[in-house]
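Numbering of ligands and ligand atoms starts at 1, following listing order.
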Amino acid sequence: MMYELRAVSKTYGNGAAPVHAVRDVDLHVDEGELVAIAGPSGSGKTTLLQLLGALDRATSGDVMFEGRELSSLGDAALTQLRLETMGFVFQQFNLIPTLTAAQNVEAALAPVGLDVDERRRRTAAALQSVGLTHRSDHLPSQLSGGEQQRVAIGRAVANSPRVLLADEPTGNLDSETGREIVELLASFAHEGAQTVVIVTHDLELVSRAPRIVRMHDGRINGN
Ligand SMILES: Nc1ncnc2c1ncn2[C@@H]1O[C@H](COP(=O)(O)OP(=O)(O)OP(=O)(O)O)[C@@H](O)[C@H]1O
Ligand SMILES: [Mg+2]
């Protein structure tokens with residue numbers, strides 16, 4: 001079991017107008033599973049993904065990751081956990097504009113503390129896994145949107161994370177390119193046996209995902 005959430009809630013603010021972004025969510029995610037989380041804007045998808053990514057803490061309930069209760073870990077331990085086990089992909093590609101595709105991937109490996117050769121090897125492997133070896137020396141401005149997102153995915157998988165978390169990864173792409181990006185993300189659940197969670201408001205985009213979790217008003221249905 002990769003994730004087990006029990007009665008997880010996240011409330012923003014307190015006092016007069018608290019926002020119940022995630023309400024009483026129970027969710028299991030197995031290792032190697034591909035899960036799409038779909039729901040309308042404001043339904044709590046990003047908030048839930050941030051809890052899965054240990055980027056934020058639940059207000060109540062338990063978030064278990066690989067058998068560990070995340071609320072029992074301090075900030076430094078959570079940072080280390082993210083670095084070693086999680087890869088993130090966002091709607092904004094967040095590439096550094098002055099670095100090439102390869103340098104963007106390599107920069108993300110810097111905190112891992114590898115020697116130069118190993119860093120280069122992993123960078124090349126990551127770019128190959130997203131089909132961008134031939135664009136390694138291009139700057140982001142010299143890449144299409146879909147290619148930039150591929151670099152961002154390469155960056156996310158370069159350290160072989162056990163879980164890949166993507167928040168609206170196709171939000172800035174046309175529908176055909178978006179489909180390709182979803183297929184690429186899904187391929188990591190097949191080939192690398194990585195756990196992949198994709199959040200989107202576009203149900204049609206993920207209609208072929210083996211498991212779709214629907215979110216509405218902070219709650220999930222059918223889990
Ligand atoms: N930092 C915050 N402080 C207060 N309220 C917040 C905060 N972040 C999100 N919210 C509120 O929590 C609710 C859920 O937001 P969230 O971003 O999780 O939705 P979402 O499903 O990702 O929406 P979208 O599809 O538009 O990205 C919304 O009502 C939002 O306004
Ligand atoms: Mg969101």
Side-chain angles (χ1 to χ4, degrees), residues 2-29 33-65 70-71 73 75 78-79 82 86-95 145-146 148-149 152-153 155-156 161 163-182 184-186 188-189 195-209 211-223:
M2 183 123 252
Y3 284 105
E4 184 172 5
L5 277 63
R6 294 191 214 116
V8 168
S9 296
K10 175 71 186 183
T11 303
Y12 291 111
N14 38 29
V19 177
H20 301 286
V22 168
R23 303 175 194 240
D24 205 24
V25 162
D26 294 324
L27 180 68
H28 290 209
V29 180
E33 200 173 3
L34 168 64
V35 184
I37 298 176
S41 181
S43 60
K45 305 180 301 295
T46 293
T47 304
L48 181 60
L49 200 76
Q50 286 180 336
L51 296 174
L52 296 176
L55 292 162
D56 203 351
R57 292 175 183 278
T59 308
S60 62
D62 297 330
V63 179
M64 310 280 293
F65 176 73
L70 292 187
S71 70
L73 301 179
D75 288 346
L78 291 181
T79 300
R82 283 197 303 271
M86 297 172 180
F88 295 89
V89 177
F90 300 101
Q91 175 172 350
Q92 318 293 348
F93 317 129
N94 297 329
L95 300 176
Q148 288 180 62
Q149 190 62 304
I153 294 169
R155 177 179 59 186
V163 56
L164 194 51
L165 301 169
D167 192 352
E168 301 280 4
T170 70
N172 285 351
L173 305 173
D174 65 67
S175 56
E176 178 55 32
T177 308
R179 244 179 291 281
E180 288 169 16
I181 290 296
V182 167
L184 176 63
L185 287 166
F188 287 99
T195 305
V196 178
V197 181
I198 303 174
V199 156
T200 180
H201 66 278
D202 185 352
L203 192 55
E204 147 123 58
L205 184 77
V206 292
S207 57
R208 282 163 53 196
R211 181 172 169 211
I212 302 174
V213 172
R214 305 265 215 125
M215 248 192 131
H216 192 78
D217 238 356
R219 300 183 191 277
I220 64 175
N221 307 328
N223 277 270

message: Using a 3.5 Å cut-off on N or O atoms only, is His201 in polar contact with ligand 1?
response: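 There is no such contact.
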
query: Is there any N or O on Gly42 that sits under 3.5 Å from an N or O of ligand 1?
result: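 Looking only at distances, the answer is yes, because the N/O contact criterion of under 3.5 Å is met.
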
query: So, Thr46 and the Mg ion (ligand 2): N/O/S under 2.8 Å, yes or no?
result: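 Coordinating: yes.
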
message: Under 4.0 Å from atom 30 (C) of ligand 1, is there at least one protein heavy atom?
response: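 Under 4.0 Å from atom 30 (C) of ligand 1, zero protein heavy atoms found.
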
Which atoms of ligand 1 have any heavy atom of [X] under 4.0 Å away?
X: Thr46; result: 17 (O), 18 (O), 20 (P), 22 (O), 27 (O)
X: Ser43; result: 19 (O), 21 (O)
X: Ala21; result: 12 (O), 13 (C), 14 (C)
X: Pro40; result: 21 (O)

Spatial distance of atom [atom1] ([X]) from atom [atom2] ([Y]) [nearest 0.5 Å]:
X: Leu205; Y: Thr170; atom1: CG; atom2: OG1; result: 4.5 Å
X: Ile220; Y: Asp26; atom1: CD1; atom2: CG; result: 7.0 Å
X: Ile198; Y: Asp167; atom1: CD1; atom2: CG; result: 11.0 Å
X: Leu27; Y: Met64; atom1: CG; atom2: CE; result: 13.5 Å
X: Glu168; Y: Thr46; atom1: CD; atom2: OG1; result: 6.5 Å
X: Phe65; Y: Arg82; atom1: CZ; atom2: CZ; result: 11.5 Å

Can you tell me which residue and heavy atom of the protein come closest to [atom], and the distance to 0.1 Å?
atom: atom 15 (O) of ligand 1; value: Thr47 OG1, 3.9 Å
atom: atom 4 (C) of ligand 1; value: Tyr12 CB, 3.3 Å
atom: atom 25 (O) of ligand 1; value: Lys45 NZ, 2.7 Å
atom: atom 19 (O) of ligand 1; value: Gly44 N, 3.3 Å
atom: atom 26 (O) of ligand 1; value: Ser41 OG, 2.5 Å

- prompt: What part of Glu168, side chain from CB on, backbone N/CA/C/O, both or neither, has a heavy atom under 4.0 Å from ligand 1?
  reply: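 Near ligand 1, Glu168 shows its side chain, while the N, CA, C and O stay back.
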
- prompt: ligand 1 versus Val19, non-hydrogen atoms closer than 4.0 Å: side chain, backbone, both, neither?
  reply: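 Within the 4.0 Å criterion, Val19 contacts ligand 1 through side-chain atoms alone.
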
field: Atom CG of Asn14: over 12 foreign heavy atoms under 6.0 Å
entry: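 No, the 6.0 Å shell around CG holds no more than 12 heavy atoms from other groups.
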
- prompt: So does Arg57 have more than 12 non-hydrogen atoms from other groups sitting under 6.0 Å from CZ?
  reply: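 More than 12 within 6.0 Å, yes.
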
Test item: side-chain donor near acceptor, His20 and Thr11, under 3.5 Å: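 Present: a donor and an acceptor within the cut-off.
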
- prompt: Are a donor atom and an acceptor atom from the side chains of Tyr12 and Thr47 found within less than 3.5 Å of each other?
  reply: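 Side-chain D/A pair, Tyr12 to Thr47: present.
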
